[in-house]
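Atoms within a ligand are numbered from 1 in the order they appear, just like the ligands themselves. Worth saying up front: this structure is predicted, and the values here are computed from it rather than measured.
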Amino acid sequence: MFKLNHNEFFDNNKVINVLPRLPQEPFPEHCHDFHELVLVKSGCGIHFCDGRAIHVSRGSILYLKDEDVHFFDQLDNLCLTNVLFMPDEFHSSPDLISLLTESCRSDSGQIMVGQNIQQQAELLLIQIREENERQDTYSSLMVETLFSQLAVLLWPCIVTGK
Ligand code: RM4
Ligand code: NI
């Protein structure tokens, strides 16, 4: 088992990296020194996290924290959007991570969202990717704000269609 280091996965001064996995290729068991939000677009597979296996498919969302040890198995054209991020580098309040944790870390190891939420989330992720590539004065503020919007979108109390 190995630990992925942020130096290999984040460009200079970036705190978020949105990585499409179309599809996710087999990747060995690992943990990270960053966090990872995984949105399943299509296909299916088995996600192992800390020794526990769950079936994932379209609409599954998983939130992995740095020390979580995980990998995907039995990949069946599993297409994902991976959002890698370093919460300690965010300027926003630590409440954002509490919000995301309460929204996305359920006892079952995942949350399932409907198509409507999935589409809205993917739109936000496209915006985050675009903004992340810019080097404007306000780019990092925009990226963090868009990421906060994603966390708000996934908050169960306001979500319909889950
Ligand atoms: C891999 C896989 C892992 C992720 C790394 C960055 O393809 O999706 O879960 O941590 O990328
Ligand atoms: Ni990972």
among protein heavy atoms, the one nearest atom 11 (O) of ligand 1 is Arg21 NH2, 2.7 Å

In terms of its nearest heavy atom to atom 4 (C) of ligand 1, the top option of His70, His47, Glu36 is Glu36

- [ ] Return yes if some donor-acceptor pair links the side-chain N/O of Asn132 with the main-chain N/O of Ile16 below 3.5 Å, else return no.
- [x] yes

query: What do the steps show when you test His55 against Ser60 for side-chain contact (heavy atoms from CB on, under 4.5 Å), and what is the final call?
result: CA-CA 9 Å; His55 184 264; Ser60 293; over 6 Å; no

Report task. Would you sort out whether Asp68 and Lys65 count as a side-chain contact (heavy atoms from CB on, under 4.5 Å), showing the intermediate values? Result -> CA-CA 6 Å; Asp68 290 329; Lys65 299 209 178 187; 3.7 Å; yes

| request: Classify the side-chain pair His91/Glu144 by whether it contains a donor and acceptor separated by less than 3.5 Å. | output: yes

When distances are taken from atom 6 (C) of ligand 1, the protein heavy atom at minimum range is Phe9 CE2, 3.5 Å

A student checking ligand 1 against Gln24 at a 4.0 Å heavy-atom cut-off should list atoms 1 (C), 2 (C), 7 (O), 8 (O)

Using modelled atom types only, decide if a donor and an acceptor are shared between the side chain of Gln118 and the backbone of Val40 within a distance under 3.5 Å. yes

Under 4.0 Å between heavy atoms, the region of Phe72 that gets near ligand 1 turns out to be neither

The angle formed at the Ni ion (ligand 2) by NE2 of His32 and NE2 of His30 is about (to 10 degrees) 100°

So does His70 have any N/O/S atom less than 2.8 Å away from the Ni ion (ligand 2)? yes

Q | side-chain contact (heavy atoms from CB on, under 4.5 Å) between Phe72 and Leu80, worked out | A | CA-CA 11 Å; Phe72 290 99; Leu80 314 170; 3.9 Å; yes

Checklist entry - Any chance CG of Asn13 has more than 12 other-residue heavy atoms, nucleotides or ligands included, within less than 6.0 Å? => result no

Taking the inter-plane angle between the rings of Phe71 and Phe48 on a 0 to 90° scale, is it parallel (under 30°), tilted (30 to 60°) or perpendicular (over 60°)?
parallel

Taking only non-hydrogen atoms of Leu4 and a 4.0 Å limit, the atoms of ligand 1 in range are 5 (C), 6 (C), 10 (O)

In ligand 1, the atoms that come under 4.0 Å of a heavy atom of His32 are 10 (O)

Quick look: Glu25 vs ligand 1, heavy-atom contacts under 4.0 Å, and the answer is neither

In Glu36, the N/O/S atom nearest the Ni ion (ligand 2) carries the name OE1

